There are 2 protein chains.
Amino acid sequence: MTLTCDNAQKTRKGGSGMSGAKGKSSSGAGDPARTLELLWRDGSAAPAGRRGPRQGLTVDAVVDAALALADAGGLDALTMRAVAQHLGVTPMTLYTYVPGKAELLDLMLDAVFLRMHRPPFRPEESWRSRVTAVADANRALHLGHPWLVELRIVRAPLGPGVMTKYEYELGAFEGLGLDDVARDSALTYVLGFVQSGARAELDARAVARESAMSDGEWWDAHEPLLARALDESRFPLASRVGEASAIAYDGLYDAEHAYRFGLERVLDGLAALGGS
Amino acid sequence: MTLTCDNAQKTRKGGSGMSGAKGKSSSGAGDPARTLELLWRDGSAAPAGRRGPRQGLTVDAVVDAALALADAGGLDALTMRAVAQHLGVTPMTLYTYVPGKAELLDLMLDAVFLRMHRPPFRPEESWRSRVTAVADANRALHLGHPWLVELRIVRAPLGPGVMTKYEYELGAFEGLGLDDVARDSALTYVLGFVQSGARAELDARAVARESAMSDGEWWDAHEPLLARALDESRFPLASRVGEASAIAYDGLYDAEHAYRFGLERVLDGLAALGGS
DNA sequence: GCGTACTCTATACAACGTACAAAGTAAGCG
DNA sequence: CGCTTACTTTGTACGTTGTATAGAGTACGC
């Protein structure tokens with residue numbers, strides 16, 4: 001189901017101690033109860049009798065600081081040290097609010113899901129219109145939070161944001177004549193398409209920014225040496241189609257075009273399932 | 001065009017010196033001529049009069065060692081130190097064969113593309129059959145080389161593998177009545193779908209492996225605490241559909257099902273473009 | 001007023017890519 | 001033959017990451 005395929009990256013957190021993990025492992029290894037408690041903010045009432053000094057921050061403040069960093073600079077910019085500095089504390093202080101970076105990512109994911117705009121579907125609206133709205137909203141979400149596509153999303157943090165989003169988006173497929181299982185598959189399919197396109201677009205942006213070299217300049221730099229690659233006798237289709245596309249889009253990767261083209265295909269493909 | 005959207009991750013390599021880069025920046029910053037030379041293996045003829053000791057390895061040996069590591073353990077396992085150890089040399093030795101890790105990834109990408117199986121399309125074959133074959137081949141490619149989905153693929157290394165693959169796959173859309181620009185868009189669309197599904201499947205596998213906890217066990221661990229999330233009055237659709245899918249697939253993420261479902265949608269969507 | 005539970009801080013580790021410089025090797029030229 | 005020189009290979013070093021661990025400071029409950 002879609003939920004089983006919609007969760008956050010975790011940075012290793014084995015049962016015993018592991019420091020300085022490298023890869024993006026996704027857990028569920030951290031105490032599930034603690035994570036769910038944080039997601040639904042159970043500790044927020046400052047439950048009387050706490051012995052030591054009051055905490056100077058809140059979980060929300062930590063999450064918001066993390067979001068600001070990640071939205072601006074991607075996951076690379078999201079370091080525990082940076083979050084701490086942003087909040088005027090030392091890095092280790094964060095670990096009083098959040099068990100680790102993995103759980104922080106879970107909280108961030110649920111938070112942006114919860115804050116999405118969800119205008120109610122009008123009853124007379126066609127499913128095409130509703131699914132288009134869902135796709136557009138998800139595209140905007142990914143473009144506004146570029147770190148989302150960097151996450152390994154498996155086993156979603158089942159917080160309010162994830163649930164609310166799932167509930168709303170399933171509603172878009174009303175009227176298509178799908179049973180429950182097919183409805184979940186259809187949503188997964190649409191979200192996969194959107195995420196895939198968003199990833200390509202964000203990658204292209206990041207490369208353009210980091211290389212200080214536009215797509216056009218890149219092609220110019222390579223052109224003199226590309227006789228072999230663009231050899232018309234060896235790669236007739238590739239060189240012809242490649243050139244046509246390069247001319248059509250001025251050598252740039254045109255994400256907007258790819259999205260519009262793809263979304264029409266997606267909708268037509270769903271229509272063939274039997275709906276109107 | 002597809003090519004502009006099909007290249008390899010690079011780990012920073014600014015004009016001046018930068019050590020120990022962290023994020024996945026994609027370059028083109030490294031000398032393009034040198035990279036192209038490597039891709040097409042121009043230096044392979046050991047061009048007479050070389051002053052020092054002969055090199056004990058070859059670029060191919062380095063690439064193959066890197067492929068073995070990445071295929072087995074993903075990008076995390078692909079460290080310059082590990083490649084060097086695999087070849088019986090010290091890490092810095094690799095830099096005589098390859099300018100850096102970014103270029104090594106370019107070479108790896110082009111190599112696996114070049115080695116793909118490409119049975120010639122039969123003239124009487126339908127485009128649905130041909131496109132299905134291309135999708136299947138790409139799915140197998142990604143599942144066999146899990147590091148592929150971790151790459152940021154923009155500005156492809158224009159080597160023989162990338163070109164040959166592009167040429168072949170464009171041919172699958174013959175008979176659909178597409179002009180050159182639409183043909184490139186269609187291919188991008190299909191490849192995006194396949195990659196998206198493969199990523200989900202690989203992520204699910206990695207999580208299952210790393211967490212030593214099956215999907216079913218994960219659900220069992222969370223179930224007691226999920227009253228809120230699965231609240232039927234608050235999330236009626238989500239809990240109903242979620243449960244139906246969980247039962248249908250036994251709580252697991254069923255990648256095979258998602259692929260088959262999605263591919264049918266993709267083909268139907270393309271068919272609506274006007275082809276047979 | 002004192003113990004205790006808590007918050008916050010400082011220091012430390014191993015792993016990464018690779019810059020830098022030294023050490024070793026063999027070809028070309030006298 | 002021996003010197004120069006280009007090249008290969010190696011050792012060491014840096015700055016960055018998440019977080020384990022241990023210590024220092026604080027305020028509630030008895």
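As the structure is a computational prediction, the values presented were derived from the model and not from experiment. By convention in this document, chain letters (A, B, ...) are assigned in the order of the sequence lines, proteins followed by strands, and residues within each chain are numbered from 1.
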Atom pair distance, as rounded to whole Å: CD in B:Q85 and P in C:dG17 = 13 Å
How long is the line joining CG of B:L57 and P of D:dT9, in whole Å?
-> 7 Å
Given side chains that start at C-beta, do those of A:D203 and B:I153 come closer than 4.5 Å, heavy atoms only?
-> no
When you check the gap from the basic side-chain N to the acidic O, do B:R34 and B:E103 get nearer than 4.0 Å?
-> no
Length of the CD-P vector between B:Q55 and D:dT10, whole Å = 12 Å
Any B:W147 side-chain heavy atom under 4.5 Å of B:V112 side chain = yes
Residue B:T79, side-chain atoms from C-beta onward, closest of D:dG18, C:dC6, C:dG17 | C:dG17
Sorted by number, the residues of residues 86-98 of chain B with heavy-atom contact under 4.0 Å to DNA chain C = B:M92, B:Y95
To the nearest Å, give me how far apart CZ (B:R54) and C1' (D:dT8) are.
-> 11 Å
To the nearest 0.5 Å, tell me how far B:R152 CZ sits from A:E150 CD.
-> 7.0 Å
Compare every heavy atom of A:V149 with every heavy atom of A:Q195, then report the nearest pair and how far apart it is.
-> NE2-CA, 3.9 Å
Any side-chain heavy atom of B:D110 within less than 4.5 Å of one from B:M163?
-> no
Donor-acceptor contact present, side-chain A:H142 to main-chain A:N138, <3.5 Å = yes
Heavy-atom check, side chain of B:L105 versus side chain of B:L78, under 4.5 Å | yes
Minimal heavy-atom distance between A:V63 and A:R41, with the atoms involved, is CG2-NH2, 4.2 Å
Strictly under 3.5 Å: I want the nitrogen or oxygen pairs between protein and nucleotides 2-4 of chain D, one per line.
none

Identify, residue by residue, the members of residues 58-70 of chain B with a heavy atom below 4.0 Å from DNA chain D, and return them in order of residue number, or none.
-> none
Distance, rounded to the nearest Å, where A:M80 contributes CE and D:dA20 contributes P = 10 Å
C:dT18, D:dA27, D:dT17: which one has an atom nearest the side-chain heavy atoms of A:R81?
-> D:dT17
Inspect the contact between B:R115 and B:D64 and indicate whether a charged nitrogen and a carboxylate oxygen are less than 4.0 angstrom apart.
-> yes
Can you check the B:D76 CG to C:dG17 P distance for me, whole Å?
-> 10 Å
Short side-chain to backbone donor-acceptor contact, B:Y97 and B:V62, under 3.5 Å | no
